[in-house]
Amino acid sequence: MVQIILPLQQMEGLATTKARELDSSIEGWSDRERREWLAAFWGELVRYLAKWKEIKMRRGPGENITFEKAVSR
């Protein structure tokens, strides 16, 4: 098992930065709109990582996000 734990705040920053590169209208979003978009983004990312890369993603520990992938030799 390979496990990566990253700060949620860092991952949210990365996600919104990449979204801004694709659509500059994100600059005008309210805090509520940003939170709603991030919630939808995390839900989609969980599904895509599991389906295409067999990576499990979950919240925690604490204010972090954990990514896990089973590996074998």
Taking distance alone, no hydrogens or angles, what donor-acceptor pairs closer than 3.5 Å link side-chain atoms of residues 12-20 to residues at least two apart or in another chain?
| residue | atom | partner | partner atom | Å |
| --- | --- | --- | --- | --- |
| T16 | OG1 | E12 | O | 3.0 |
| T16 | OG1 | G13 | O | 3.2 |
| T17 | OG1 | G13 | O | 2.8 |
| R20 | NE | E27 | OE2 | 2.7 |

I'd like a table of donor-acceptor pairs (distance under 3.5 Å, sequence neighbours excluded) in which one partner is a side-chain atom from residues 34-42, with atom names and distances.
| residue | atom | partner | partner atom | Å |
| --- | --- | --- | --- | --- |
| R35 | NH1 | D31 | OD2 | 2.5 |
| E36 | OE1 | R32 | NH1 | 3.2 |
| E36 | OE2 | R32 | NH1 | 2.7 |

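- Taking the side-chain contact (heavy atoms from CB on, under 4.5 Å) definition, one finds that E68 meets it with M1, Q3, K56, R58, T66, sequence neighbours left out.
- Within a 6.0 Å sphere centred on CD of Q9, heavy atoms belonging to other residues, nucleotides or ligands number 12 at most.
- Around CD of Q10, the count of heavy atoms belonging to other residues, nucleotides or ligands within 6.0 Å exceeds 12.
- When side chains are defined from C-beta on, L8 does not count as touching N64, because their heavy atoms never get closer than 4.5 Å.
- For E44, the side-chain contact (heavy atoms from CB on, under 4.5 Å) test picks out R47, Y48, with sequence neighbours left out.
- I4 and I65 fall within a single hydrophobic cluster, where Ile, Leu, Val, Met, Phe, Trp and Tyr are joined by side-chain heavy atoms under 4.5 Å apart, directly or via other members.
- Applying the 6.0 Å contact sphere to NZ of K69 captures more than 12 heavy atoms from other residues, nucleotides or ligands.
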